[in-house]
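Convention: sequence-line order gives letters A, B, ...; per-chain numbering from 1. Values below: all heavy atoms of this structure, side chains included; hydrogens, waters and symmetry mates excluded.
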Amino acid sequence: MSAEPSTRYDPKATEPKWIDAWVREKVGHADPGSEAARAGRVFTIFIPPPNVTGVLHMGHALNGTLQDVLTRLHRMRGFETLWLPGTDHAGIATQNVVERLLAKERKSRHDLGREAFVAEVWKWKDEYEARILGQMRRLGTSPDWDRLRFTMDAGLTAAVRHVFVDLFHRGYIYRGLRLVNWCTRCGTAISDDEVTHEDVEGRLYWITYPWADGSEGGMTVATTRPETMLGDTGVAVNPDDERYTAFVGRKLLLPLVGREIPVVADAYVDKSFGAGALKVTPAHDQNDWEIGVRHKLAAPCVIAKDGTMSDEAPAAYRGLDRFEARKRVVADLEAAGHLVKIDPNPHSVGTCDRCHTIIEPLPSEQWFVRMRERSPKEPDRPSLADLAIAATREGRVRLVPERWTSFYMHWLENVRDWCISRQLWWGHRIPVFTCTKCGHADAYEKDPAACPECSSPMEQDTDVLDTWFSSDLWPLSTLGWPEQTDELRVFYPSSVLMTDRGIISLWVVRMVIMGELYAPTVETRGARTEPFRDVYIHGTILDKTGRKMSKSLGNGIDPLEMIDRYGADAVRFTLVWMTTEGQDLKLDETRFEMGRNFMNKIHNATRFALGVVDLGKRLDPDAVLAVEDRWIRTELTRTQRVVTAALTDYKFSAAAQVIYAFVWDNFCDWYLELVKPRLQVGGAAADGAKKTLVDVLVGICRMLHPIAPHITEELWEQLRPWHGVATLLAKSDWGEETFDDDDACTAIAAVRETVEAVRKLRAESRVPEKEKVDVLVVPKTESAWARLADAVRSQAPQILRLCQASSLRVERSAPPKENASGLISLGDVFIDLAGKIDLVAERARLVKETEKTGQAIAAARAKLANESFTSRAKPEVVAQERARLAESEEQAVRLSRLLEALGG
RNA sequence: GGGCGAUUAGCUCAGCUGGUAGAGCACAUCCCUUACACGGAUGGUGUCGCAGGUUCGAGCCCUGCAUCGCCCACCA
């Protein structure tokens, strides 16, 4: 005899084994040549590739769990299933990490040089990637590890380059001098979508600029950024503003600088804000830039790319940090008598979403993708934005929850051109080459040997592409595009994309664009172009007080720590339980106890089953299924149906809850208890129970496996002698339960009611559980007799056990003199309290019941007396109400009889 | 300034196309009954944010308001 398995499920003892087995057995492997694949029974998910710099956080755990649930479900249901894993090179983030490490050695990337630096980043990439993939495995995920991709893999790089060259030649990519969002810390331009607006206290500085001709007065402007006044080249007023119309065309003298600047009229200016006059700094503000263009104002760039005041600023300020310069400028303006006042002015400033440094708008030459406008070279084709709009408008891409559609549309309708060049070293280098001699420039898929015009050497652009440019090709490039692979033909488009709302614009929308542009170059299933059919936007994980989890707040919950403490299945189950459509998840660590307790419950139910069933021993083939066997099998069938429907409809929480209720309430609390007496008796009756017991456990394994893969795989192995399936559960069939017996459900319902009634009477009459009671059941009518008496009599041993009764009788009347009584739907239940009855208390209970029933009767009567109800409500609703009334009235009669019997 | 979401039991949340409010946790009482105390039995608690409206009937539909949160936005 081996040692008894512990009453505590120990995930640490089982999980690693199965994680290894799934990898070893290539559970996630997807075969484009399979029968299912050929039949088009395919399910694909592309993972949102986590950044290689990151560690798995709760958001990843949720995201990964949900994907794995769907992946495992579809795999079991016979779909050729591909969940494609991978990681993202995350240009800025990764470069930042490595630069910080270098900084500890007092080195910068420039000390290493580009090549050596990039080599250094690759080393880090390998380490971080291995770590995050290990974390994913620890969660129990089952992607196709053989198809692991990285956004800078050779194949993906080729795809990126191909697309850049194509978009360049087709006129969608252009280079231009624009005001861009410049991060002075990262030293690169970033796109509009990478700018996060943060609220700051802020101040509004009122400054007077004197007239250039020396005449009295001047004009007062208000600004939140006084340091930019050094770059002012005009003051704008609204053309309809009578206060100022006379001044338009006059010149002001810019304090501290001494430059003469004109007053211009521009409709952009809001008369009611501030002084109604706007200082115009074209080089450091988007609106001013546009005003500058309209009025042909110069745009001196007084702030350099490192955030210090540039050479174009007066000598006194050069080299000062922009915020230091602000103080200095204000002080100097005040000293010179130009500062009027300073008002508090809360507003928001753009910050870099990677490092939270305040963004400096700067004029800069960058590469852009044309979004809203059509390409001048392809005037007959829709703009890129319109491609994505059409995909959703035509219902080819569906967002869940549906409300995100309007967000998606709104973004596309207002998007500006996308700045794709980054002044970084880590990333896909822009494949544009310029002739060192004649200046000829073009984009090339293969590095050109020499200038095609003059044969001189050519130099490649030093910038790299926005990371999202490569992520946006993910669904295509990971399947081998632009090669025409079998994978592409079979697995594109994917079934669903699971992601967080934070990257709908950055990633989701642009993937759609890329799909619309390039998927037509392959024969996809159903000739579909969009990269995914559904986009499921799950909630964001928050801490228990509702704040986002973040490193800086230190309020994060580490999923690996939770997995260590509660087990991966518990973490997964809890997360799935909490995932209701699109709602954020307020997470407290203790929530995982629920998952853990549930796993423990299953563990112990299994312990019980294996303790009573010898799996190797053949059972009586003629063993008849008892009513409770038929009942639990029916419940299993119904539960499985709900689970399948819920999961395929992304109702994750509903699926988890229905399994939980089945296992805990029906199987453990009732079935196992009902079956114990039979198991003790043994023989053919016990065999029916044993069969059912194990069959249901097998069913639970299957149905729960997508959510809690480890424990079910473990259980599946233990049950192997029974089910005889050689493969891992992860590779087995979902199976469709079909057993259905409504009469059995009715019978068990009667038994349950009876037991519950006795327990209730016992508790209310304060009869300790150790004390046995005599139970009498009196069916209320002859027709009830048939149903109730049979059920109760056939389940007598079980009932005796479940309510600690010494005897159980079913009779037409004759209750004991001193009793506690209660109603069930088919009759009355009595327990004999001879000698220990508290008549007062018993009567009080019945009176209370009577009052409740009286209220129900009154309510139902009032409703039915309402003519408009009976005439306008649906007939079945009225009928239901009538039945309810009849039931209550009948109960009232029974109650009064019971009361009478007590001498009340 | 707009848009969206939330507001239901002490807490965290379900509640499908309108027809007598549910779960988990917590709580109270009693139980270490031979699977499980990470357990069992029993038990409560809700004017479903506020104010109107539609309807025979509203947590669910409509209007307005309030509070909280998220996102978008060129009022310096």
Side-chain angles (χ1 to χ4, degrees), chain A residues 5-9 197 204-205 221-225 228 236 268-281 285-291 345 347-348 401 403-404 406-407 410-411 414 501-502 504-505 539-540 542 544 546-548 566 570 574 577-578 580-588 590-591 593-612 651 653-654 657 660-661 668-669 672-673 676 680 755-756 759-760 762-764 766 768-770 801-804 856 859-860 863 866-874 876-878 880-881 884:
Chain A
S6 165
T7 61
R8 294 287 164 87
Y9 173 60
H197 291 270
L204 192 61
Y205 300 84
V221 295
T223 179
T224 54
R225 301 195 54 197
T228 63
Y268 166 75
V269 180
D270 179 352
K271 289 190 284 188
S272 61
F273 188 89
L278 171 70
K279 64 186 266 313
V280 182
T281 321
D285 182 279
Q286 186 61 43
N287 297 306
D288 292 10
W289 174 265
E290 283 158 23
I291 293 171
N345 181 44
H347 62 283
S348 71
R403 65 184 133 93
W404 290 107
S406 57
F407 172 86
H410 182 261
W411 184 82
N414 296 286
R501 59 170 173 268
I504 295 175
S505 51
T540 303
L542 306 173
K544 61 178 166 187
R547 296 172 307 173
K548 262 188 192 159
Y566 300 97
T574 299
W577 176 286
M578 291 174 72
T580 55
E581 190 173 284
Q583 271 332 103
D584 287 348
L585 290 74
K586 259 188 228 176
L587 190 61
D588 180 70
T590 59
R591 300 292 298 267
E593 287 174 8
M594 190 258 289
R596 180 200 59 189
N597 294 353
F598 184 48
M599 297 310 136
N600 196 236
K601 191 75 177 172
I602 293 169
H603 167 76
N604 280 298
T606 307
R607 246 170 29 98
F608 170 76
L610 296 181
V612 296
K651 304 270 193 285
S653 183
Q657 293 195 33
Y660 184 96
C668 293
D669 286 352
L672 293 188
E673 298 305 326
K676 281 175 183 173
Q680 274 174 353
V755 170
E756 277 165 348
R759 283 172 177 167
K760 190 173 163 184
R762 180 194 275 289
E764 286 175 350
R766 310 249 158 220
E769 281 179 56
K770 281 174 214 149
R801 186 173 177 285
L802 288 175
C803 48
Q804 298 299 315
K863 218 167 179 184
N866 184 347
E867 207 276 325
S868 47
F869 171 69
T870 49
S871 62
R872 297 194 197 193
K874 277 178 283 182
E876 60 265 33
V877 173
V878 178
Q880 191 187 19
E881 199 59 36
R884 207 174 279 156

Looking across every strand, which nucleic acid part, if any, lies under 4.0 Å from [X] by heavy atom: base, sugar-phosphate, or nothing?
X	value
A:V269	base
A:R759	sugar-phosphate
A:C803	nothing
A:Y268	base
A:Q583	sugar-phosphate
A:R884	base
A:G276	base
A:T281	nothing
A:T7	sugar-phosphate
A:E756	sugar-phosphate
A:W404	nothing
A:L610	nothing
A:K279	nothing
A:H603	nothing

Per [X] side chain, nearest of listed nucleotides [options]:
X	options	answer
A:R591	B:C32, B:C13, B:U12	B:U12
A:Y660	B:C25, B:U34, B:A35	B:C25
A:S348	B:G19, B:A76, B:A73	B:A73
A:D669	B:C71, B:A76, B:G40	B:G40
A:F869	B:U42, B:A35, B:G19	B:G19
A:K770	B:G24, B:A35, B:C32	B:C32

Kindly say if [X] contacts the phosphate of [N], meaning a side-chain N or O under 4.0 Å from OP1 or OP2.
X	N	answer
A:N597	B:G39	yes
A:T580	B:A14	yes
A:K760	B:C30	no
A:K586	B:U7	no

What is the distance, rounded to the nearest whole Å, between atom [atom1] of [X] and atom [atom2] of [N]?
X	N	atom1	atom2	value
A:M578	B:U12	CE	P	11 Å
A:R801	B:A35	CZ	C1'	11 Å
A:W577	B:G15	CH2	P	13 Å
A:I291	B:C74	CD1	P	14 Å
A:F608	B:C36	CZ	P	10 Å
A:K874	B:U17	NZ	P	13 Å
A:K863	B:U20	NZ	C1'	6 Å
A:E290	B:A76	CD	C1'	14 Å

Does [N] have a Watson-Crick or wobble mate here (both distances under 3.5 Å), and if so which one?
N	result
B:U17	none
B:G52	B:C62
B:C70	B:G3
B:A76	none
B:A26	none
B:A35	none
B:U47	none

Can you name the nearest heavy-atom pair linking A:S653 to A:W577, along with the distance?
OG-O, 2.5 Å
Would you call [X] and [Y] a salt bridge, taking side-chain N to carboxylate O under 4.0 Å as the test?
X	Y	answer
A:E756	A:R759	no
A:D584	A:R501	yes
A:E673	A:R801	yes

For A:T228 and A:K279, does a side-chain donor sit closer than 3.5 Å to a side-chain acceptor?
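Side-chain D/A pair, A:T228 to A:K279: present.
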Distance, nearest 0.5 Å, that separates NE2 of A:H603 from CZ of A:F608
14.5 Å
C1' gap between B:G44 and B:C70, integer Å
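Pairwise C1' distance, B:G44 against B:C70, rounds to 37 Å.
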Taking N and O atoms by type only, does the side chain of A:K676 place a donor or acceptor under 3.5 Å from a partner on the base of B:A35?
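Such a pair exists between side chain and base.
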